[in-house]
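Have a look at the structure below before the remarks.
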Amino acid sequence: MTMRIVSLNVGKPITVDYQGKDLSTGIYKQPVKGSLFLGSLNFEGDGQADLVHHGGVDKAVCAYPAEHYPYWERSLDKQMEYAAFGENLTLQGLLEDQVCIGDVYRIGDAVVQISQPRYPCFKLSQKHGVKDMPARVLNTGYSGFYFRVLEEGEVSADSPVTQLESHASGITVLEVLRMMKDGRKDEQGLVRMLEIDVLASSVKSQFSKWLEALQRKQE
(Lines give C-alpha, C1' and ligand atoms only; values in the text may rest on other atoms or scores of the structure.)
Protein backbone atom coordinates (compact mmCIF):
# COMPACT_ATOMS: atom_id res chain seq x y z
CA MET A 1 0.00 0.00 0.00
CA THR A 2 1.21 3.49 -0.81
CA MET A 3 2.49 5.42 2.19
CA ARG A 4 1.13 8.95 2.44
CA ILE A 5 0.02 11.68 4.79
CA VAL A 6 -3.76 11.80 5.09
CA SER A 7 -3.83 14.74 7.51
CA LEU A 8 -1.24 17.02 9.14
CA ASN A 9 -2.43 18.18 12.57
CA VAL A 10 -1.16 20.55 15.25
CA GLY A 11 -2.50 22.39 18.27
CA LYS A 12 -1.46 24.11 21.49
CA PRO A 13 -2.64 22.79 24.87
CA ILE A 14 -6.07 23.86 26.05
CA THR A 15 -7.90 23.49 29.37
CA VAL A 16 -10.94 21.21 29.46
CA ASP A 17 -13.16 19.69 32.15
CA TYR A 18 -12.40 16.15 33.26
CA GLN A 19 -14.43 14.67 36.09
CA GLY A 20 -15.16 18.13 37.46
CA LYS A 21 -11.58 19.34 37.40
CA ASP A 22 -9.56 21.45 34.97
CA LEU A 23 -7.29 19.41 32.72
CA SER A 24 -4.63 20.88 30.45
CA THR A 25 -4.16 18.74 27.35
CA GLY A 26 -2.60 18.92 23.91
CA ILE A 27 -4.80 16.17 22.46
CA TYR A 28 -7.12 18.63 20.70
CA LYS A 29 -5.27 19.10 17.43
CA GLN A 30 -6.65 20.40 14.14
CA PRO A 31 -5.80 19.58 10.51
CA VAL A 32 -3.79 22.29 8.81
CA LYS A 33 -2.97 23.14 5.22
CA GLY A 34 0.33 24.49 3.99
CA SER A 35 3.84 23.73 5.14
CA LEU A 36 5.07 23.49 8.74
CA PHE A 37 8.62 23.29 10.05
CA LEU A 38 9.35 20.09 11.95
CA GLY A 39 12.03 20.68 14.57
CA SER A 40 13.71 18.26 16.92
CA LEU A 41 10.92 18.53 19.51
CA ASN A 42 7.74 19.14 17.52
CA PHE A 43 6.00 20.82 14.61
CA GLU A 44 5.73 24.60 14.68
CA GLY A 45 2.37 25.51 16.18
CA ASP A 46 2.19 22.31 18.20
CA GLY A 47 2.55 21.70 21.91
CA GLN A 48 2.09 19.22 24.74
CA ALA A 49 0.71 19.90 28.19
CA ASP A 50 2.20 16.99 30.16
CA LEU A 51 5.89 17.11 29.29
CA VAL A 52 6.64 14.20 31.63
CA HIS A 53 4.62 11.72 29.56
CA HIS A 54 4.44 13.54 26.21
CA GLY A 55 6.87 15.39 24.00
CA GLY A 56 10.65 15.31 24.10
CA VAL A 57 13.06 14.09 21.45
CA ASP A 58 11.69 10.53 21.44
CA LYS A 59 8.09 11.74 21.12
CA ALA A 60 8.48 14.66 18.74
CA VAL A 61 5.78 13.45 16.34
CA CYS A 62 2.73 11.36 17.12
CA ALA A 63 1.47 9.29 14.18
CA TYR A 64 -1.78 7.34 13.81
CA PRO A 65 -2.90 5.02 10.99
CA ALA A 66 -5.87 6.30 8.99
CA GLU A 67 -6.89 2.67 8.43
CA HIS A 68 -8.15 2.41 12.03
CA TYR A 69 -10.70 5.21 11.75
CA PRO A 70 -13.52 3.08 10.24
CA TYR A 71 -13.18 0.59 13.12
CA TRP A 72 -13.45 3.30 15.74
CA GLU A 73 -16.40 4.94 14.01
CA ARG A 74 -18.24 1.61 14.12
CA SER A 75 -17.13 0.82 17.67
CA LEU A 76 -17.97 4.23 19.12
CA ASP A 77 -20.94 4.81 16.79
CA LYS A 78 -19.92 8.30 15.78
CA GLN A 79 -18.15 10.12 13.01
CA MET A 80 -14.54 10.91 13.79
CA GLU A 81 -12.44 13.60 12.19
CA TYR A 82 -8.74 13.10 11.65
CA ALA A 83 -6.60 14.08 14.66
CA ALA A 84 -9.18 12.36 16.91
CA PHE A 85 -6.32 10.57 18.65
CA GLY A 86 -4.22 13.68 19.10
CA GLU A 87 -1.87 12.65 16.32
CA ASN A 88 0.28 15.06 14.34
CA LEU A 89 0.34 12.81 11.30
CA THR A 90 -2.60 10.69 10.20
CA LEU A 91 -0.83 8.24 7.91
CA GLN A 92 -1.82 5.60 5.40
CA GLY A 93 0.27 2.49 4.85
CA LEU A 94 2.14 2.38 8.17
CA LEU A 95 0.46 -0.07 10.54
CA GLU A 96 1.63 -1.09 14.01
CA ASP A 97 2.01 -4.78 13.10
CA GLN A 98 4.11 -3.95 10.04
CA VAL A 99 6.42 -1.05 10.93
CA CYS A 100 9.35 -1.60 13.27
CA ILE A 101 11.12 0.34 15.98
CA GLY A 102 14.05 2.09 14.32
CA ASP A 103 12.58 2.26 10.81
CA VAL A 104 13.57 5.54 9.14
CA TYR A 105 11.43 7.62 6.78
CA ARG A 106 11.75 10.82 4.81
CA ILE A 107 8.62 12.92 5.17
CA GLY A 108 8.85 16.08 3.14
CA ASP A 109 12.25 17.61 3.92
CA ALA A 110 12.48 15.92 7.34
CA VAL A 111 13.89 12.52 8.25
CA VAL A 112 12.23 10.68 11.15
CA GLN A 113 12.65 7.38 12.98
CA ILE A 114 10.07 5.28 14.81
CA SER A 115 11.00 5.37 18.50
CA GLN A 116 8.14 3.69 20.43
CA PRO A 117 4.42 2.88 20.46
CA ARG A 118 1.99 5.50 21.65
CA TYR A 119 0.72 4.13 24.97
CA PRO A 120 -2.89 5.29 25.48
CA CYS A 121 -3.78 7.44 28.48
CA PHE A 122 -6.93 8.74 30.16
CA LYS A 123 -7.02 11.84 27.96
CA LEU A 124 -8.51 9.69 25.22
CA SER A 125 -11.36 8.96 27.62
CA GLN A 126 -11.83 12.65 28.25
CA LYS A 127 -11.91 13.49 24.57
CA HIS A 128 -14.25 10.72 23.46
CA GLY A 129 -16.40 10.30 26.57
CA VAL A 130 -15.58 6.58 26.81
CA LYS A 131 -14.28 5.48 30.22
CA ASP A 132 -12.42 2.42 28.98
CA MET A 133 -10.96 4.03 25.85
CA PRO A 134 -7.31 3.34 26.83
CA ALA A 135 -8.13 -0.33 27.42
CA ARG A 136 -9.92 -0.53 24.07
CA VAL A 137 -6.89 0.91 22.32
CA LEU A 138 -4.56 -1.55 24.06
CA ASN A 139 -6.78 -4.53 23.31
CA THR A 140 -7.01 -3.71 19.61
CA GLY A 141 -3.37 -2.74 19.27
CA TYR A 142 -4.51 0.35 17.35
CA SER A 143 -2.22 2.60 19.33
CA GLY A 144 -0.26 4.67 16.84
CA PHE A 145 3.41 5.42 17.45
CA TYR A 146 6.01 8.15 17.86
CA PHE A 147 8.81 9.43 15.67
CA ARG A 148 12.02 11.10 16.72
CA VAL A 149 13.43 13.65 14.27
CA LEU A 150 16.80 12.83 12.72
CA GLU A 151 16.79 15.75 10.27
CA GLU A 152 14.62 18.83 10.69
CA GLY A 153 12.71 20.24 7.73
CA GLU A 154 9.49 21.44 6.17
CA VAL A 155 6.51 19.08 6.00
CA SER A 156 3.13 19.65 4.37
CA ALA A 157 0.00 17.54 4.10
CA ASP A 158 0.91 16.54 0.56
CA SER A 159 4.57 15.73 1.31
CA PRO A 160 5.70 12.31 0.09
CA VAL A 161 6.52 9.58 2.61
CA THR A 162 9.46 7.34 1.72
CA GLN A 163 11.07 4.60 3.78
CA LEU A 164 14.85 5.03 3.90
CA GLU A 165 15.82 2.23 6.26
CA SER A 166 14.42 -0.89 7.93
CA HIS A 167 15.90 -1.50 11.36
CA ALA A 168 17.83 -4.73 11.79
CA SER A 169 15.90 -5.81 14.90
CA GLY A 170 12.69 -6.33 12.94
CA ILE A 171 10.64 -5.80 16.12
CA THR A 172 7.30 -4.22 15.31
CA VAL A 173 5.56 -1.41 17.13
CA LEU A 174 2.81 -3.87 18.08
CA GLU A 175 5.30 -6.26 19.70
CA VAL A 176 6.65 -3.47 21.89
CA LEU A 177 3.13 -2.30 22.76
CA ARG A 178 2.22 -5.82 23.88
CA MET A 179 5.36 -5.93 26.00
CA MET A 180 4.49 -2.55 27.56
CA LYS A 181 1.04 -3.95 28.39
CA ASP A 182 1.82 -7.49 29.54
CA GLY A 183 5.59 -7.97 29.63
CA ARG A 184 6.36 -7.34 33.28
CA LYS A 185 7.10 -11.05 33.90
CA ASP A 186 8.47 -12.00 30.47
CA GLU A 187 12.22 -12.18 31.09
CA GLN A 188 13.17 -13.33 27.60
CA GLY A 189 10.96 -10.72 26.00
CA LEU A 190 12.41 -7.94 28.13
CA VAL A 191 15.96 -8.96 27.26
CA ARG A 192 15.00 -8.90 23.58
CA MET A 193 13.47 -5.44 23.90
CA LEU A 194 16.52 -4.04 25.68
CA GLU A 195 18.67 -5.10 22.73
CA ILE A 196 16.90 -2.54 20.50
CA ASP A 197 19.42 0.28 20.57
CA VAL A 198 17.01 2.91 19.21
CA LEU A 199 14.00 2.13 21.42
CA ALA A 200 12.92 5.26 23.32
CA SER A 201 14.96 5.71 26.50
CA SER A 202 11.91 5.97 28.78
CA VAL A 203 10.57 2.64 27.53
CA LYS A 204 13.96 0.97 27.88
CA SER A 205 14.22 2.32 31.42
CA GLN A 206 10.85 0.79 32.34
CA PHE A 207 11.76 -2.56 30.77
CA SER A 208 15.11 -2.50 32.58
CA LYS A 209 13.38 -1.98 35.95
CA TRP A 210 11.02 -4.88 35.26
CA LEU A 211 13.92 -7.13 34.28
CA GLU A 212 15.91 -6.21 37.39
CA ALA A 213 12.90 -6.97 39.58
CA LEU A 214 12.50 -10.39 37.94
CA GLN A 215 16.16 -11.20 38.36
CA ARG A 216 16.14 -10.16 42.03
CA LYS A 217 13.29 -12.63 42.65
CA GLN A 218 15.39 -15.41 41.16
CA GLU A 219 18.37 -14.77 43.45
Side-chain angles (χ1 to χ4, degrees), residues 7 9 11 13-29 48-56 58-59 61-91 94-101 114-147 171-187 189-190 192-193 196 199-200 202-211 213-214:
S7 185
N9 320 296
I14 63 171
T15 300
V16 297
D17 176 76
Y18 182 65
Q19 297 181 346
K21 297 181 180 179
D22 287 345
L23 172 69
S24 181
T25 175
I27 201 172
Y28 287 86
K29 303 190 186 300
Q48 297 83 28
D50 177 4
L51 295 178
V52 174
H53 298 101
H54 302 282
D58 285 336
K59 298 181 181 179
V61 178
C62 182
Y64 198 79
E67 289 89 342
H68 299 333
Y69 272 81
Y71 168 82
W72 290 116
E73 289 186 334
R74 293 191 303 271
S75 177
L76 303 179
D77 193 26
K78 68 176 183 177
Q79 186 174 354
M80 301 179 73
E81 303 295 331
Y82 293 130
F85 291 85
E87 74 270 19
N88 300 115
L89 294 173
T90 315
L91 297 172
L94 289 88
L95 297 172
E96 295 91 345
D97 61 349
Q98 298 172 6
V99 300
C100 296
I101 303 299
I114 296 178
S115 56
Q116 69 165 86
R118 187 267 188 88
Y119 199 84
C121 74
F122 71 94
K123 292 178 182 179
L124 286 170
S125 295
Q126 188 282 327
K127 181 165 187 180
H128 297 293
V130 179
K131 288 184 179 180
D132 64 343
M133 193 67 187
R136 292 191 188 200
V137 170
L138 280 175
N139 290 336
T140 58
Y142 296 168
S143 65
F145 48 89
Y146 287 103
F147 290 113
I171 296 178
T172 66
V173 166
L174 184 59
E175 288 179 86
V176 180
L177 181 71
R178 295 301 189 214
M179 187 61 60
M180 293 170 77
K181 177 176 180 282
D182 298 317
R184 189 181 291 267
K185 297 181 179 180
D186 182 354
E187 184 175 1
L190 291 169
R192 184 167 174 251
M193 293 291 141
I196 312 173
L199 181 62
S202 61
V203 179
K204 291 188 80 167
S205 176
Q206 185 62 67
F207 288 164
S208 182
K209 289 176 183 176
W210 289 353
L211 182 60
L214 280 175

Please lay out, stage by stage, how Val203 and Met180 fare under the test side-chain contact (heavy atoms from CB on, under 4.5 Å). CA-CA 8 Å; Val203 179; Met180 293 170 77; 4.2 Å; yes

Residue pair Lys78, His128: steps toward the side-chain contact (heavy atoms from CB on, under 4.5 Å) verdict: CA-CA 10 Å; Lys78 68 176 183 177; His128 297 293; 3.2 Å; yes

Set out, in order, the CA-CA distance, both residues' side-chain angles and the distance that settles side-chain contact (heavy atoms from CB on, under 4.5 Å) for Arg136 and Leu76, then state yes or no. CA-CA 11 Å; Arg136 292 191 188 200; Leu76 303 179; 3.4 Å; yes

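Side-chain atoms of Arg118 do not come within 3.5 Å of backbone N or O of Glu87 as any donor-acceptor pair. In terms of modelled atom types and a separation under 3.5 Å, the side chain of Thr172 and the main chain of Val99 share no donor-acceptor contact. Looking only at distances, a side-chain donor or acceptor of Ser115 sits under 3.5 Å from a matching main-chain atom of Asp58. Side chain of Arg178 to main chain of Leu138: a donor-acceptor pair is present (N/O by atom type, distance under 3.5 Å, no hydrogens or angles). Of the possible donor and acceptor atoms, one in the side chain of Lys204 sits under 3.5 Å from a partner among the backbone N and O of Ile196.
In this structure, Tyr69 has its ring center no closer than 6.0 Å to that of Tyr142.
The line from CE of Met133 to OG of Ser75 is 7.0 Å long, rounded to the nearest 0.5 Å. Atom NZ of Lys185 sits about 8.5 Å away from atom CG of Leu214, to the nearest 0.5 Å. Rounded to the nearest 0.5 Å, atoms OG1 (Thr140) and CD (Glu96) are 8.0 Å apart. Here Ser202 contributes atom OG and Tyr146 contributes atom OH; the two are 9.5 Å apart, rounded to the nearest 0.5 Å. Rounding to the nearest 0.5 angstrom, the gap separating the CZ atom in Phe145 from the SG atom in Cys100 is 11.0 Å. The distance from atom CG of Leu190 to atom CH2 of Trp210, rounded to the nearest 0.5 Å, is 7.0 Å.
Listed here is the closest heavy atom pair of Ala84 and Met80: CB-CE, 3.8 Å. Here the shortest heavy-atom pairing between Glu175 and Ile171 reads OE2-CA, 3.5 Å. Residues Leu91 and Phe147 approach most closely at CD1-CE1, 4.0 Å, considering heavy atoms. Across all non-hydrogen atoms, the minimal contact from Ser143 to Val137 is CA-CG1, 3.7 Å. A pairwise comparison of heavy atoms in Val173 and Ile101 identifies CG2-CD1, 4.1 Å as the closest pair. Considering every non-hydrogen atom in both Leu177 and Gly141, the closest pair reads CD2-CA, 3.8 Å.
Heavy atoms of other residues, nucleotides or ligands lying less than 6.0 angstrom from CG of Asp77 number 12 at most.
At least one side-chain heavy atom of Phe207 sits less than 4.5 Å from a side-chain heavy atom of Val176.
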